[in-house]
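All values below come from the heavy atoms of this structure, side chains included, with hydrogens, waters and symmetry mates left out.
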Protein chains: 2
Amino acid sequence: MPKSSNSAHKKTTVSPPERREELLAIAAQVFAAQGYNATTVRKIADAAGILAGSLYYHFDSKESMLDEILSGFLDELWARYDAVLGAGLGPRETLEALVTESFREIDRHLDAVAIYQKESRHLGTRPHFAYLVESQQKFEKAWLGTLERGVAAKVFRADLDVRLTYRFVRDTVWVAASWYRPGGRHSPEEIARQYLSMVLEGIALHDS
Amino acid sequence: MPKSSNSAHKKTTVSPPERREELLAIAAQVFAAQGYNATTVRKIADAAGILAGSLYYHFDSKESMLDEILSGFLDELWARYDAVLGAGLGPRETLEALVTESFREIDRHLDAVAIYQKESRHLGTRPHFAYLVESQQKFEKAWLGTLERGVAAKVFRADLDVRLTYRFVRDTVWVAASWYRPGGRHSPEEIARQYLSMVLEGIALHDS
DNA sequence: TAACCTACCAAACACTTGTTAGGGAAGGAG
DNA sequence: CTCCTTCCCTAACAAGTGTTTGGTAGGTTA
């Protein structure tokens with residue numbers, strides 16, 4: 001899982017993670033709001049109250065900012081996913097834990113998730129961002145495997161296309177980043193609870 | 001519903017909808033693949049086998065191409081939605097019809113849907129694209145209304161937050177544009193059937 | 001005081017961007 | 001043959017792009 005953090009610090013600069021993190025958060029905010037390509041380094045600098053060239057004291061390039069934002073997010077996400085997947089839970093409990101951790105991650109790294117949603121597809125073609133598709137493959141293996149385990153254990157329906165189900169579940173969870181706002185009406189855990197109830201039990205009312 | 005087509009032809013050019021449509025389809029393809037801002041007019045021209053300046057014989061600007069693609073898509077979508085909403089169906093049947101029409105629309109206008117998904121949020125802030133948020137509000141009214149009707153008629157569960165359910169359902173349907181490919185394993189109708197089965201009945205297996 | 005490091009500014013660079021102006025080849029109409 | 005329309009090219013433009021270079025104010029260390 002250190003595979004997904006591939007750039008970031010090139011010299012062993014042990015000291016300066018202070019102003020750097022601040023600027024990264026600002027950049028993530030602008031990236032998420034305007035889109036990566038539509039965001040100019042001057043807009044980021046404006047939001048930070050400095051001039052464009054000053055950003056290059058802290059970062060190698062505009063792309064390296066994006067890289068650090070995305071790889072940092074994926075590193076944390078996989079740390080939590082791996083903890084869930086290694087806990088030896090049953091299929092249903094694993095699904096519930098993955099969904100809950102996903103909504104928590106949206107709550108914590110909203111901007112990074114929004115950027116990932118918008119840009120990962122066409123960034124994945126670039127060799128430098130190959131870790132995005134690696135992560136996506138690992139992602140598919142974890143979720144699809146959990147669903148298949150559930151079908152085999154007869155806790156999930158067998159008459160649905162598993163791959164279709166996987167896509168529906170995956171997308172619905174992560175697209176929440178487009179409307180979720182931290183501090184809103186529902187906590188991440190409450191959203192996860194309602195979502196799981198919908199996906200597991202369905203929204204139809206049965207009279208039996 | 002003609003509210004959403006606001007630009008397009010400005011003079012009453014009755015004749016030339018031929019090469020124009022061809023170029024629009026090419027532009028939509030490149031926009032969908034690379035993102036609007038990352039797409040240069042030279043890339044579109046390359047894909048069409050002409051030079052950048054030649055595009056301006058057919059279109060006023062790069063933005064007007066985007067405008068025509070999106071408004072054309074929304075016009076067709078709403079024609080079909082209005083037909084469904086005016087058919088006097090029950091809540092469950094209305095939901096099923098809306099979902100099915102949505103997947104059909106993804107099948108037909110895949111590029112436009114993909115562009116809409118990626119760009120509508122930050123385009124909506126621009127006054128020229130105000131019809132995007134108008135459409136989204138109308139969209140919410142239709143879907144949310146259907147869900148609420150279903151709760152009142154006791155065909156949908158009452159213990160779920162209706163607005164959350166609306167967002168989940170809406171997103172899952174439209175995000176399918178990011179993985180759906182026409183001519184693939186499943187037809188739009190089959191995808192709609194499976195999706196509705198999942199959302200209505202749930203994926204959990206009950207032993208009663 | 002002197003040397004040094006951090007975090008920034010000022011100004012420019014080479015390049016890409018969307019867009020425009022004028023011209024020209026091809027073909028149908030009179 | 002001439003006129004006109006359709007569709008495209010050549011060549012350039014002004015503005016904006018990411019990035020670099022050299023300098024500097026202020027604080028810390030010796």
OH of A/Tyr57 versus C1' of C/dA10: gap in Å, rounded? 18 Å
Taking the axis from the first five pairs and the axis from the last five, what angle separates them in the helix from C/dT1-D/dA30 to C/dG30-D/dC1, rounded to 10 degrees? 10°
Sugar-phosphate only, base, or nothing, as touched by A/Ile50 at under 4.0 Å among non-hydrogen atoms: sugar-phosphate
Looking at B/Arg20, does any N or O in its side chain come under 4.0 Å of the phosphate oxygens OP1/OP2 on D/dC7? no
Just how far, in rounded Å, is C1' of C/dA7 from CD of A/Glu22? 12 Å
Check this for me: does any side-chain nitrogen of one of A/Lys118 and B/Glu119 sit under 4.0 Å from a carboxylate oxygen of the other? no
Might you confirm whether atom CZ of A/Arg181 has over 12 heavy atoms from other residues, nucleotides or ligands at distances under 6.0 Å? yes
Once you round it to whole Å, what is the distance between P of C/dC8 and NE2 of A/His58? 4 Å
Between B/Arg20 and B/Glu68, is there a salt bridge with N-O shorter than 4.0 Å? yes
Can you name the one residue among B/Thr100, B/Leu200, B/Val169 that meets side chain to side chain contact (heavy atoms under 4.5 Å, CB included) with B/Tyr195? B/Val169
Checking B/Thr172 side chain against B/Phe168 main chain: does a donor-acceptor pair fall under 3.5 Å? yes
Where protein sits on nucleotides 14-23 of chain C, one letter per nucleotide: B base, S sugar-phosphate only, - none, heavy atoms under 4.0 Å: ---BBBB---
Here the distance between atom P of D/dA11 and atom CG of B/Leu51, to the nearest Å, is 11 Å
Return the value, rounded to whole Å, for the distance between atom CG of B/Leu55 and atom C1' of D/dC7. 12 Å
Can you check the A/Asp46 CG to C/dC8 P distance for me, whole Å? 14 Å
Check ion pair A/Arg80-A/Glu76 (N to O, under 4.0 angstrom): yes
May I ask you to decide whether B/Glu201 forms a salt bridge with B/Arg157, counting only side-chain N to carboxylate O separations under 4.0 Å? no
If I take atom CZ in residue B/Arg19 and atom C1' in nucleotide D/dT5, what distance separates them, rounded to the nearest angstrom? 17 Å
Is the shortest side-chain N to carboxylate O distance from B/Arg167 to B/Asp161 below 4.0 Å? no
Salt bridge check, A/Arg193 against A/Glu189: does any charged N sit closer than 4.0 Å to a carboxylate O? no
